[in-house]
Number of protein chains: 2
Amino acid sequence: MSDSQATNAPVGEPPKAPDLDRLRKTLDTYMNEKGLRTTEQRRLIVNTFFDSEAHCTIDDLLEKVRAIDPRVGYATVYRTMKMLSEGGIANELHFGDGAARYEIADDTSHHDHLICETCGIIIEFEEPLIEELQERIAAKFDFTITHHRHELYGRCKDTVACHARRAKQRTPGDLSNKE
Amino acid sequence: MSDSQATNAPVGEPPKAPDLDRLRKTLDTYMNEKGLRTTEQRRLIVNTFFDSEAHCTIDDLLEKVRAIDPRVGYATVYRTMKMLSEGGIANELHFGDGAARYEIADDTSHHDHLICETCGIIIEFEEPLIEELQERIAAKFDFTITHHRHELYGRCKDTVACHARRAKQRTPGDLSNKE
DNA sequence: TTTAATGCAAAGTTTTTGCAAAGAA
DNA sequence: TTCTTTGCAAAAACTTTGCATTAAA
């Protein structure tokens, strides 16, 4: 790649930690507005989600939830995560392995993802200049953007660390972009 | 959006027409290498695909193919499009409505997509600066990119034209990013 | 002839829903 | 009590495959 057109803007700043207190308030407000009820299961699922590492699947969450209450069903986790997505507390992501993944939503910043197809590691990056170019493109086509997907698929160059991570995985998974 | 950081690079240049002759040669070579056979059905499906507008689904193709030969099965179109994808003649796309879409692949240029969630129109854009920034981000994280997805979802500002298009559609489809 | 491709139907995947029973408010 | 939520199982919505038959080479 040539550097000829490159700007001096910082590239790929890592995102900061989410404000869970604020998110809990957002959720309360949302549930009140919609007349949704607070249940044992929802409390457990939300707490588990807030405690989990980013990009967890429904199965990941269900496993952790069932370690505490084995009677919780898949559909409950599914519907709770859907509720969180609709309420703006979670983002639903799809990286091509067929399973939906969730991350904590943050209104105040936005990041996109870099995915290793060998070890499955998911790296978050932020690039304001790309966001700005997106807006310019949308304007050019007389378009208003509501959301976007920007995913870079590839491979870690540090193949030792990468293969070590891969070996550790229970399910290696196919993270190619076949979805 | 502020223009403060914007460069003067052209934004969102539309992609050019594909070189079908070259693609047919690529396909011939690929099929020879793999010992794949040329059949009536494959010929028909490939020609239909080359004649179709971009971003057609398997169902779109099947409908056109069956207008000529009603005996062709879904699986044959499915397997032929998979062959074209593997041979680098087609790209498989997913815009969140659950159905795979195909476009003619072009090694010499790359574009991404802008999708209207109201009328379903799909606009292609090219932005070399974004491509370059992607490479810089990958480099920063010691990563090699094999491919990427960059999709902007939103709405046409010209609501009259947009709603007219929507009304014309056989199946309005849900192009939100739920996939 | 030999081996690949087709068409049908069946099987997979993952998501989504219907419904009777349980539980918030 | 009333109306929402749960858990199960079944339905959806696509994609993918098995296999006997057909057809390239």
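Since this is a predicted model, take the numbers as computed values, not measurements. Chain letters run A, B, ... following the sequence lines, proteins first, then strands; residues in each count from 1.
For B/Glu103 and B/Arg101, the salt-bridge test fails: no basic side-chain N is under 4.0 Å from an acidic carboxylate O.
Whole-Å rounding puts the B/His94 NE2 to D/dC14 P distance at 12 Å. We find that NZ of A/Lys82 is positioned 8 Å from C1' of C/dT15, with the value rounded to whole Å. Rounded to a whole Å, the CG atom of A/Leu44 is 17 Å from the P atom of D/dT5. Rounded to whole angstrom, the span from the CD1 atom of A/Ile58 across to the P atom of D/dG7 amounts to 14 Å. The NZ atom of A/Lys34 sits 12 Å away from the P atom of D/dT5 (whole-angstrom rounding). Spacing between atom CG of A/Leu62 and atom P of C/dT15 amounts to 12 Å, rounded to whole angstrom units. Between the C1' atom of D/dC14 and the CZ atom of B/Arg101 lies a distance of 14 Å, rounded to the nearest Å. Distance CG (B/Asp69) to C1' (D/dT22): 14 Å, rounded to an integer number of Å.
Sequence order on DNA chain D of the closest nucleotides to A/Val77 and A/Gly35 puts A/Gly35 first from the 5' end. Along DNA chain D, the nucleotide nearest B/Tyr78 and the nucleotide nearest A/Ile45 are compared for position; the residue whose nucleotide lies closer to the 5' end is A/Ile45. Heavy-atom nearest nucleotides on DNA chain C were determined for B/Ala75 and for B/Leu36, and the one closer to the 5' end corresponds to B/Leu36.
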Enumerate donor-acceptor pairs with a distance under 3.5 Å from any side-chain N or O in residues 26-37 of chain A to protein atoms, sequence neighbours excluded.
{"unit_1": "A/Thr26", "atom_1": "OG1", "unit_2": "A/Arg22", "atom_2": "O", "d": "2.9"}
{"unit_1": "A/Thr29", "atom_1": "OG1", "unit_2": "A/Lys25", "atom_2": "O", "d": "2.8"}
{"unit_1": "A/Asn32", "atom_1": "ND2", "unit_2": "A/Asp28", "atom_2": "O", "d": "3.4"}

#### Entry: Test side chain to side chain donor-acceptor pair (under 3.5 Å) applied to A/His150 and B/Gln134, step by step
CA-CA 10 Å; A/His150 195 181; B/Gln134 290 181 162; 2.5 Å; yes

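Checking the phosphate oxygens (OP1, OP2) of C/dA4, no side-chain nitrogen or oxygen of B/Arg42 falls inside 4.0 Å. Between D/dT6 and A/Arg71, no contact under 4.0 Å exists linking OP1 or OP2 to a side-chain N or O. B/Thr38 has no side-chain polar atom (N or O) that falls below the 4.0 Å cut-off from OP1 or OP2 of D/dA24. Under 4.0 angstrom from either OP1 or OP2 of C/dA5 there lies no side-chain N or O belonging to B/Arg79. Between B/Gln41 and C/dG7, a side-chain N or O to OP1/OP2 separation shorter than 4.0 Å is present. The phosphate of C/dT15 has OP1 or OP2 within less than 4.0 Å of a side-chain N or O from A/Tyr74. At D/dT5, none of the side-chain N or O atoms of A/Thr76 fall inside 4.0 Å of OP1 or OP2 (strictly under the cut-off).
Between B/His111 and B/His113, the angle of the ring planes goes over 60°, which puts this pair in the perpendicular group of the 30/60° scheme.
In this structure, A/His94 has its ring center at least 6.0 angstrom away from the ring center of B/His94.
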